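Below is one structure, written out as structure tokens, with a few remarks after it.
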2 protein chains.
Amino acid sequence: MARSTPSAQELHRRAVATYVKAGGEESVQRVITAVQGLTKKLDQWYAHQLVDLDVTAGEWAVVTSLAKAGDALTPSQLAELTNVAPSSMTHRLDKLAERGLVERTPDAENRTRIYVSLTDAGWQLFSVAIRGSDVVESDVLQDLSDDERGELARLLEVVIARLDDIDA
Amino acid sequence: MARSTPSAQELHRRAVATYVKAGGEESVQRVITAVQGLTKKLDQWYAHQLVDLDVTAGEWAVVTSLAKAGDALTPSQLAELTNVAPSSMTHRLDKLAERGLVERTPDAENRTRIYVSLTDAGWQLFSVAIRGSDVVESDVLQDLSDDERGELARLLEVVIARLDDIDA
DNA sequence: TACGAAGTCTTCGATATCGAAATATTAGCA
DNA sequence: TGCTAATATTTCGATATCGAAGACTTCGTA
């Protein structure tokens, strides 16, 4: 029998304790650590789902970025959004274009620029995957009441709004 | 002049709208999308800091996992915690051991198992990096009152606790 | 207009990661 | 005990990613 990895809750407790001991502020670390732990778990579940769809996590990141943006994006923007080097995006887009999930269209106004957009097949893949992941995500929040979800969302969105000021 | 990537807040709004249109529940997507967006931004800042320390994001993930666990971990556990294939961990640990940041000690009880632990140099690197990142993290939460931070942490920890039940 | 700086994508060589197979040990059980 | 299945790590070949350099276009300005 494999020695099981500690539970997410136990990992969270230890992580906060470690950061506080290292000089971090507790209220900050409780939030940051929880956010990161949650994302990590979600990523693990998504990875599991994506195997079935024969899409890598990196390719999926491109598809979701395009879907969420609603607009066409340039390779550079996609690289930044998906935390990858611009040169890596070239190959990713080659593969995605080969499979007919995205499309490259040169910008008529600026010939150094290329716009990448989802094809119908790309949108279809997105829809299928979303329907799968929404099940998991709802399940994750099941222990929160409607009011609590709303409050959680509100607080997180305050933080999100702040990100732009820091970035500048 | 480069066409700037949309603000984090704008990206969040569009992402939620996209997911809701695709059939996701709004209260769920507001939370999940915000959590993921926040993590992504944090990762970008960390990456920037880690360049100065000459450590890759993957190597940093190993160091923090060991620090947060407080105990020695096996390569397999580290692979799972850092979302990487077990075979990749071998090379990462080689590099980290070469630099004297981690140490491999065979388990006397089970000779198929190896324990990886932080060296003093590894702990030192951890401390230095933490002091740097805590600044950014505190800044991110600056728009929340003490009460709000506590409430945010509490709600997130309810979600974290739930993760274990889903995993089982 | 002309020219240098900056922006954008791609190419290229080195390195990291992946999945499958190999190696070795341990656990379960007849 | 002996045999099979399960575990844990590493090796290996194929692929993905990175950072730097290349090719081309556009911008700013003299």
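Below, each value reflects all heavy atoms present in this structure, side chains not excepted, and no hydrogens, waters or symmetry copies. Labels below follow one simple rule: chain letters A, B, ... track the order of the sequence lines, proteins then strands, and each chain is numbered from 1. Fair warning: this is a prediction, and the values are worked out from it, not measured in the lab.
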- [ ] Would you indicate which nucleotide in C:dC18, C:dT10, D:dT9 comes nearest to any side-chain atom of A:Pro75?
- [x] C:dT10
TODO: Before giving the answer on side chain to side chain contact (heavy atoms under 4.5 Å, CB included), spell out for A:Val136 and A:Gln49 the whole-Å C-alpha distance, their side-chain angles and the decisive distance to 0.1 Å.
DONE: CA-CA 11 Å; A:Val136 174; A:Gln49 287 187 335; 4.2 Å; yes
TODO: Look at the side chain of B:Arg149 and the backbone N and O of A:Arg30, then say whether any donor-acceptor pair between them is shorter than 3.5 Å.
DONE: no
- [ ] Would you indicate, yes or no, if D:dT10 has its OP1 or OP2 atom less than 4.0 angstrom from a side-chain nitrogen or oxygen of B:Thr90?
- [x] yes
- [ ] Between A:Gly58 and A:Arg111, just flag the one whose closest nucleotide in DNA chain D comes earlier from the 5' side.
- [x] A:Gly58
Open item on the list: Measure CE/A:Met89 against P/C:dT11 and give the value in whole Å, please.
Closed with: 15 Å
Task: For atom CG of A:Leu50 and atom P of C:dC18, their distance in whole Å - done: 14 Å
TODO: Check the distance between C:dT15's C1' and B:Glu98's CD and give it to me in whole angstrom.
DONE: 13 Å
Task: Nearest-angstrom distance from the residue atom CG of B:Leu73 to P of D:dA8 - done: 13 Å
Open item on the list: Is A:Thr112 close enough to C:dG7 that one of its side-chain N or O atoms is under 4.0 Å from OP1 or OP2 there?
Closed with: no
Task: Flag for A:Tyr46-A:Glu137: side-chain donor and acceptor within less than 3.5 Å - done: yes
TODO: Could you tell me whether the side chains of B:Gln36 and A:Asp43 share a donor-acceptor contact shorter than 3.5 Å?
DONE: no
Open item on the list: Tell me the interatomic distance from A:His91, atom NE2, to C:dA14, atom P, rounded to whole angstroms.
Closed with: 18 Å
- [ ] For B:Thr56 and for A:Leu93, find the nucleotide of DNA chain C with the closest heavy atom, then tell me which residue's nucleotide is more 5'.
- [x] A:Leu93
Open item on the list: I want to confirm an ordering. Mapping A:Glu109 and A:Ser88 to their closest nucleotides on DNA chain D, which one lands closer to the 5' end?
Closed with: A:Ser88
TODO: Calculate the interatomic distance between A:Asn110 atom CG and C:dA6 atom P; express it in whole Å.
DONE: 17 Å
- [ ] Tell me yes or no: between the side chains of B:Asn110 and B:Thr112, is some donor less than 3.5 Å from an acceptor?
- [x] yes
- [ ] Could you check how far CD of B:Glu80 sits from P of D:dT9, rounded to whole Å?
- [x] 12 Å
Open item on the list: Both B:Ala108 and A:Ser87 contact DNA chain C. Taking the nearest nucleotide for each, which residue is further toward the 5' end?
Closed with: A:Ser87
Open item on the list: Expressed as a whole number of angstroms, how long is the span from B:Ile114:CD1 to C:dT26:C1'?
Closed with: 15 Å
TODO: Report yes if a side-chain nitrogen or oxygen of A:Arg104 is closer than 4.0 Å to either non-bridging phosphate oxygen (OP1 or OP2) of C:dT10; otherwise report no.
DONE: yes
TODO: Check whether any side-chain nitrogen or oxygen of A:Arg92 sits under 4.0 Å from OP1 or OP2 of D:dT17, and answer yes or no.
DONE: yes
